[in-house]
S.K.: 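Have a look at this one before I ask anything.
Owing to the predicted nature of the structure, the values given are computational and were not obtained by experimental measurement. Below, chain A is the first sequence line, B the second, and so on; all start at residue 1.
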2 protein chains.
Amino acid sequence: MSAPTNRANPTIHAVARAAGVSSGTVSNALNHPARLAPETLERVHDAIIDLGYIRSAAGRTLIRNRSDSLGLVMPDLVNVLFVEIARGAQRSASDQGKRLVTANSGFNAHELAAGASQVDDQDEYLEYFAEARADGVLVASMRDPSRGIDRIRNHVRPVVVINYDVPNADWCTVLMDNEQVGRAAIEHIADLGIRRAYFVSIPDIVQPIAERRRGVRAAAAARGIHLTEIETAGLFPEDSTAALAGVLPEPGGERLAILGANDRLAIGALQLLRNRPDLRVPEDVAVLGMDGDHRDDGADWITLTSVVLPGQAMGAEAIRLIDAEAQPGHVHERSVLPVRIRQGASTIGR
Amino acid sequence: MSAPTNRANPTIHAVARAAGVSSGTVSNALNHPARLAPETLERVHDAIIDLGYIRSAAGRTLIRNRSDSLGLVMPDLVNVLFVEIARGAQRSASDQGKRLVTANSGFNAHELAAGASQVDDQDEYLEYFAEARADGVLVASMRDPSRGIDRIRNHVRPVVVINYDVPNADWCTVLMDNEQVGRAAIEHIADLGIRRAYFVSIPDIVQPIAERRRGVRAAAAARGIHLTEIETAGLFPEDSTAALAGVLPEPGGERLAILGANDRLAIGALQLLRNRPDLRVPEDVAVLGMDGDHRDDGADWITLTSVVLPGQAMGAEAIRLIDAEAQPGHVHERSVLPVRIRQGASTIGR
DNA sequence: CTGAAAGCGCTTACAG
DNA sequence: CTGAAAGCGCTTACAG
């Protein structure tokens with residue numbers, strides 16, 4: 001009487017036994033089916049189905065020293081930009097038949113701005129993907145990822161960083177042009193003849209904010225716009241409402257533009273203005289956001305003029321660069337994707 | 001003259017050699033540091049830093065038959081509900097010191113509704129996590145995941161399914177009460193004295209839509225609301241605009257409520273009404289959505305009444321259930337989380 | 001406190 | 001076309 005077959009966690013040997021072949025033959029059935037006689041192949045497949053066998057990645061990765069999958073480390077997904085980056089990367093990887101696996105560091109600029117305690121597992125997950133011997137690692141980040149990347153450099157080949165610019169980095173980088181974001185906003189209102197603007201933003205605690213501010217300032221100087229910078233405690237509508245409450249202009253003054261460093265801040269301005277019928281949007285106050293829903297579908301009652309960020313394109317570009325990095329003799333690239341204005345009723349009227 | 005030390009992909013043996021110990025001792029330094037003499041421990045750590053050594057998960061997983069990480073399979077993140085589920089699961093896992101890794105199946109109900117070709121890698125990623133010997137698998141799904149789960153059952157212990165209800169399933173399930181979503185919407189407008197409603201939705205191609213419709217119908221019958229169901233081709237504002245364009249009421253008729261199966265459809269109705277000043281919101285037409293941004297921050301010019309879905313709570317609950325599933329003698333749970341109405345200007349005025 | 005050795009589940013030349 | 005055997009990088013009793 002033989003011991004009862006334990007069906008939990010069957011191994012390649014269990015399959016081999018069931019099919020009456022050696023484990024090498026089972027392996028060949030999976031990896032090089034053409035090498036087997038058709039009847040043998042079928043017997044092996046039947047045994048696999050029968051036992052519910054699923055190959056262990058561990059043994060396979062161990063001997064091949066590669067895992068056939070890419071890792072993507074993301075910040076918290078409150079920020080829609082990163083949702084769109086993840087979607088773009090995901091879709092592009094899937095189109096190319098690549099596996100993409102994502103981990104979330106928890107980094108959250110909203111909470112950082114509010115001074116809340118901050119989780120950031122970026123380095124831990126970089127290490128995780130290095131331990132897993134990922135074939136490449138993508139890091140979308142709001143902060144300098146250099147240290148974590150340096151640590152894993154001996155174990156992960158191609159690395160692509162998204163949304164953070166490290167000068168002379170030893171990897172490929174995908175960015176959007178955040179100075180252009182700021183410039184585009186100013187150009188738009190200047191073209192409308194507006195000569196006075198508020199820039200509503202958290203302080204420069206993350207790179208994109210600092211760069212947008214730089215673009216705003218430079219373009220305002222160039223176009224002769226009188227700029228007032230208004231500091232908020234966070235990135236939500238209510239932060240904007242709170243910061244703007246005391247500084248809205250009197251009716252009848254010169255036309256004003258309010259530029260939110262992100263769309264939620266712009267929306268806070270709109271909410272405030274809804275209770276000020278004496279200030280018409282956009283005739284008296286034009287309102288503009290600097291990162292829309294990234295999908296260009298204007299999901300709003302009054303369509304908000306905004307800068308549409310190339311989130312999905314950034315994700316797709318990052319996947320392309322992972323490939324490029326893997327080519328011998330590759331020179332690191334630094335892709336800066338352009339943004340564009342989406343004009344809405346909040347600045348140009350219906 | 002010894003061969004040059006190759007610093008790429010150092011193994012535990014390279015570390016052992018560099019530290020002048022055996023590989024078992026290096027392993028103990030990592031896993032049971034208290035067993036080592038302090039000087040030995042330090043020498044090993046120095047060697048690890050020096051070589052940039054990162055342990056291979058493959059060898060470790062192979063012998064331990066577990067990977068110390070959880071897998072989460074998600075549909076496409078166009079749907080904000082899933083973003084919030086991912087965030088809730090992520091944060092909860094992180095709080096408990098667990099690693100959570102996510103894969104995206106690409107399933108997209110918008111495209112499904114539009115008849116576009118559909119990627120769905122759900123089963124592939126379930127298999128991936130099984131190959132990786134994940135300590136548990138979470139599946140957030142818009143379709144029946146039974147087949148994929150059955151396939152991996154011999155290799156993955158706890159499984160929790162989020163957002164899809166399979167009767168008598170052999171796993172834990174986390175749901176929201178989608179019939180309650182529909183009922184809550186009708187109750188709200190009935191309480192406002194409205195007796196006529198449009199339910200604007202794609203057909204019942206996914207479970208949540210079918211259940212919302214069921215709730216809407218039952219509550220409408222119970223409360224004596226005259227219900228008209230309007231079919232859209234998709235889940236975006238423009239789909240709603242297209243479907244509603246010909247059926248908006250004449251001014252002066254009985255008050256109407258428009259209920260969008262999701263918020264974007266409701267927003268489409270608002271956009272249409274913006275060009276019909278003869279129909280006032282909410283006095284003539286009240287508008288309500290059925291899944292908001294899930295964050296309750298009303299990021300809109302006219303705040304939209306909506307049903308706030310418990311996305312983050314669902315994610316956190318799923319992590320709790322993964323733990324519960326791992327307990328011996330555990331009986332599968334089926335958690336149904338409640339929803340609630342967020343009242344906005346689109347139905348109750350400012 | 002440390003080392004030698006077995007073994008985890010695979011894949012891959014190599015014989016036959 | 002198939003099998004026997006080595007080896008991937010770890011961890012873990014077990015001796016000493």
S.K.: Contact class for A:Val21 (heavy atom, under 4.0 Å): base, sugar-phosphate, or nothing?
M.R.: sugar-phosphate
S.K.: Remember a base hit wins even if backbone is also touched, and classify B:Asn65 as base, sugar-phosphate or nothing at under 4.0 Å, heavy atoms.
M.R.: nothing
S.K.: Which residues satisfy the salt bridge (Lys or Arg N to Asp or Glu O under 4.0 Å) test with A:Arg151, sequence neighbours excluded?
M.R.: A:Glu127
S.K.: Please list every stem that involves DNA chain D, where a stem is a run of 3 or more consecutive Watson-Crick or G-U wobble pairs with both pairing distances under 3.5 Å.
M.R.: C:1-3 with D:14-16, C:5-12 with D:5-12, C:14-16 with D:1-3
S.K.: Using the test side chain to side chain contact (heavy atoms under 4.5 Å, CB included), find all partners of B:Val336 that sit at least two apart in sequence or belong to another chain.
M.R.: B:Leu175, B:Asp177, B:Arg334
S.K.: Holding to side chain to side chain donor-acceptor pair (under 3.5 Å), I want the full list of residues that pass it with A:Arg157, two or more places apart in sequence or in another chain.
M.R.: none
S.K.: Applying salt bridge (Lys or Arg N to Asp or Glu O under 4.0 Å), name anything that partners A:Asp95, two or more places apart in sequence or on another chain.
M.R.: none
S.K.: Inspect the contact between A:Lys98 and A:Asp68 and indicate whether a charged nitrogen and a carboxylate oxygen are less than 4.0 angstrom apart.
M.R.: no
S.K.: First and last nucleotide of DNA chain D in contact with chain B, 5' to 3', at under 4.0 Å to a heavy atom: what are they?
M.R.: D:dG9 to D:dT12
S.K.: Of all of residues 33-42 of chain B, which get a heavy atom below 4.0 angstrom from DNA chain C, listed by number?
M.R.: B:Arg35, B:Leu36, B:Ala37, B:Thr40
S.K.: By side chain to side chain contact (heavy atoms under 4.5 Å, CB included), which residues pair with B:His332, not counting sequence neighbours?
M.R.: B:Asp170, B:Cys172, B:Glu325, B:His330
S.K.: Would you give me the side-chain donor-acceptor pairs under 3.5 Å for residues 34-43 of chain B, sequence neighbours excluded?
M.R.:
unit_1, atom_1, unit_2, atom_2, d
B:Arg35, NH1, B:Asn28, OD1, 3.4
B:Arg43, NH1, B:Ala19, O, 2.7

S.K.: Any salt bridge (Lys or Arg N to Asp or Glu O under 4.0 Å) pairs touching residues 99-108 of chain B, not counting sequence neighbours?
M.R.: A:Glu131-B:Arg99
S.K.: Using the closest heavy atom to pick a nucleotide of DNA chain D for each, name whichever of A:Gly24 or B:Leu62 lands nearer the 5' end.
M.R.: A:Gly24
S.K.: For B:Asp46, which residues count as a salt bridge (Lys or Arg N to Asp or Glu O under 4.0 Å) partner, sequence neighbours excluded?
M.R.: none
S.K.: List for me each residue that meets salt bridge (Lys or Arg N to Asp or Glu O under 4.0 Å) alongside B:Arg320, sequence neighbours excluded, and say none if there are none.
M.R.: B:Glu317, B:Glu333
